[in-house]
Amino acid sequence: MAESSKEEIFQLIKRFGAYLTIKMSNLFSISLRNLDSRSVGAIAGFAVAIVFTWRLLRSPAGGQRRQPKRQSPTTGSSGATTQSSPSSMPSGVCSSSEDLRAQNVVDEFFQPVKPTLGQIVRQKLSEGRKVTCRLLGIVLEESTPEELQKQATVRSSVLEVLLEITKFCDLYLMERVLDDESEQKVLAALDNAGVFTSGGLVKDKVLFCSTETGRSSFVRQLEPDWHIDSNPEIIMQLARFIKYQLHVSHTKPERAAANVFSSPSLEQFFGCM
């Protein structure tokens, strides 16, 4: 019995090793850009090996040792009762059961891990370190400079994404305004929303101009990795100067260039809605 148990454990470990090899091969065939996923997979592989060994030491052999001794069949029940044991099962059934058990253990540890918003932001921005972004219609509820003369309101749905961008990128916000009072309303709205409390964005990085051309000039001077805007003309003008752009538009626009992406909102671009 002891020799048989050792053979079963040995075969189970062999099947587990083969299955784990396939899993790891598939995992490491992922693009080199997904370094976080590969690291998690390597750690998970070590965890699988440890836990699986622990289960082997506790489960098959131990379970067989705790089985009660086989009772000698009595005269009245010998013809009506049959004993079932692992040794009496067909070898094919045992093999399939062991394969399934090994597969279940591996699958348990290779469940996909949902990435954090910070990881999504870095991946989507292709590790870009400097970002410029228009305010109207993207960060603010208002969509025209005339509306800013009355009030400025930060969109609550974009706030979390905005704060994550400031953690990894040098972010500059900019907008065309008609007067100094509009500037103050915008700065107060951003301050009240907590945009300046994270430490990644300061008031000096909120830029104002009096024309659309002025905003375009700001972007070219700053030379960001990404520019985010809702004006298709600005997007078109900057397409050959800026590495990547995001065109925020409620209607899917015609793609201006290969380096220009589009989304109904900034938060939807990062999968937050």
Side-chain angles (χ1 to χ4, degrees), residues 30-31 33-34 36-37 112-145 147-148 152-176 186 189-190 193-195 198 200-201 205-207 209 212-216 218-220 222-273:
I30 298 175
S31 170
R33 294 176 62 185
N34 297 329
D36 289 342
S37 299
V113 179
K114 184 177 180 180
T116 65
L117 179 57
Q119 291 171 331
I120 295 173
V121 167
R122 280 183 289 178
Q123 182 182 25
K124 281 281 192 177
L125 294 180
S126 303
E127 300 293 337
R129 301 305 300 169
K130 184 182 287 187
V131 177
T132 55
C133 180
R134 183 183 191 181
L135 284 162
L136 284 174
I138 299 175
V139 177
L140 301 177
E141 296 282 1
E142 292 74 25
S143 57
T144 65
E147 292 180 78
L148 291 180
T153 310
V154 175
R155 300 176 65 243
S156 58
S157 58
V158 80
L159 188 58
E160 187 179 4
V161 170
L162 198 67
L163 293 176
E164 284 296 334
I165 293 175
T166 63
K167 292 179 182 179
F168 306 107
C169 304
D170 189 14
L171 177 65
Y172 290 81
L173 301 176
M174 54 188 64
E175 192 47 68
R176 177 171 75 93
V186 170
L190 293 171
V195 175
S198 65
L201 181 67
K205 291 183 179 180
V206 183
L207 310 176
C209 56
E212 292 291 275
T213 303
R215 187 168 78 253
S216 179
F218 279 154
V219 176
R220 291 191 59 180
L222 290 168
E223 298 181 338
D225 299 298
W226 279 82
H227 176 61
I228 304 166
D229 212 296
S230 58
N231 187 328
E233 294 182 4
I234 297 291
I235 293 289
M236 184 70 72
Q237 292 171 13
L238 296 174
R240 61 194 181 100
F241 300 107
I242 307 303
K243 188 175 181 180
Y244 299 110
Q245 288 192 93
L246 174 61
H247 184 188
V248 176
S249 174
H250 293 294
T251 59
K252 189 172 183 179
E254 183 178 346
R255 194 166 188 178
N259 62 337
V260 176
F261 302 87
S262 64
S263 175
S265 69
L266 182 61
E267 55 269 35
Q268 283 183 267
F269 180 68
F270 294 104
C272 295
M273 290 182 66

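In this text the structure is predicted, and so the values were computed from the model without any measurement.
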Subject >> Over all atoms of both residues, closest heavy-atom pair of Leu136 and Glu142 >> reply: CD2-O, 3.3 Å
**OP:** Over all heavy atoms of both residues, which pair between Glu212 and Arg215 is shortest? Give the atoms and the distance, please.
**Re:** OE2-NH1, 2.6 Å
Subject >> Pairwise distance CG(Leu171) to CD(Glu164) - rounded to 0.5 angstrom >> reply: 12.5 Å
Original post:
For the side chain of Glu175 and the backbone of Leu135, is there at least one donor-acceptor N/O pair under 3.5 Å apart?
Top reply: yes
Original post:
How far apart are the C-alpha atoms of Leu140 and Leu148, what are their side-chain angles, what is the distance that settles it, and do they pass the side chain to side chain contact (heavy atoms under 4.5 Å, CB included) test?
Top reply: CA-CA 9 Å; Leu140 301 177; Leu148 291 180; 3.8 Å; yes
Subject >> Exam field: side chain Gln268 to backbone Ser263, donor-acceptor pair closer than 3.5 Å >> reply: no
Original post:
Are the side chain of Gln123 and the backbone N or O of Gln119 linked by a donor-acceptor pair below 3.5 Å?
Top reply: no
Original post:
Could you go step by step and tell me if Val248 and Ile228 meet the side chain to side chain contact (heavy atoms under 4.5 Å, CB included) rule?
Top reply: CA-CA 7 Å; Val248 176; Ile228 304 166; 3.9 Å; yes
Original post:
Atom CZ of Phe241 and atom NE2 of His227: how far apart are they, to the nearest 0.5 Å?
Top reply: 13.0 Å
Subject >> Asp170 (side chain) donor-acceptor with Arg129 (main chain) under 3.5 angstrom >> reply: no
Original post:
Are the side chain of Asn259 and the backbone N or O of Ile242 linked by a donor-acceptor pair below 3.5 Å?
Top reply: yes
Original post:
At what distance, to the nearest 0.5 angstrom, does CG of Leu266 lie from CG of Leu246?
Top reply: 6.5 Å
Subject >> Lys130 side chain to Leu222 backbone, donor-acceptor under 3.5 Å >> reply: yes
**OP:** Would you give the length of the straight line joining atom OG1 of Thr132 to atom CZ of Arg220, rounded to the nearest 0.5 angstrom?
**Re:** 13.0 Å
**OP:** To the nearest 0.5 angstrom, please state how far the CD atom of Glu127 sits from the SG atom of Cys169.
**Re:** 8.5 Å
Original post:
Donor-acceptor pair, Ser126 side chain versus Gly128 backbone, under 3.5 Å?
Top reply: no
Original post:
Is it true that a side-chain atom of Arg134 and a backbone atom of Leu173 form a donor plus acceptor pair closer than 3.5 Å?
Top reply: no
Subject >> Contact summary for Val260 and Ala239, nearest pair of heavy atoms >> reply: CG2-CB, 4.4 Å
Original post:
Can you list the steps and then say if Leu159 with Val195 is a side chain to side chain contact (heavy atoms under 4.5 Å, CB included)?
Top reply: CA-CA 8 Å; Leu159 188 58; Val195 175; 3.7 Å; yes
**OP:** Please lay out, stage by stage, how Phe270 and Ile165 fare under the test side chain to side chain contact (heavy atoms under 4.5 Å, CB included).
**Re:** CA-CA 11 Å; Phe270 294 104; Ile165 293 175; 4.1 Å; yes
**OP:** Compare every heavy atom of Asn231 with every heavy atom of His247, then report the nearest pair and how far apart it is.
**Re:** NE2-C, 4.4 Å
**OP:** Locate the shortest heavy-atom distance separating Ser216 from Leu238; write the atom from each residue and the value.
**Re:** OG-CD2, 3.6 Å
**OP:** Output the distance between atom CG (Leu117) and atom CD (Glu267), rounded to the nearest 0.5 Å.
**Re:** 11.0 Å
Original post:
Any side-chain heavy atom of Pro224 sitting closer than 4.5 Å to one from Tyr172?
Top reply: no
**OP:** For residues Val158 and Ile138, report the shortest heavy-atom separation together with the two atoms involved.
**Re:** CG2-O, 3.8 Å
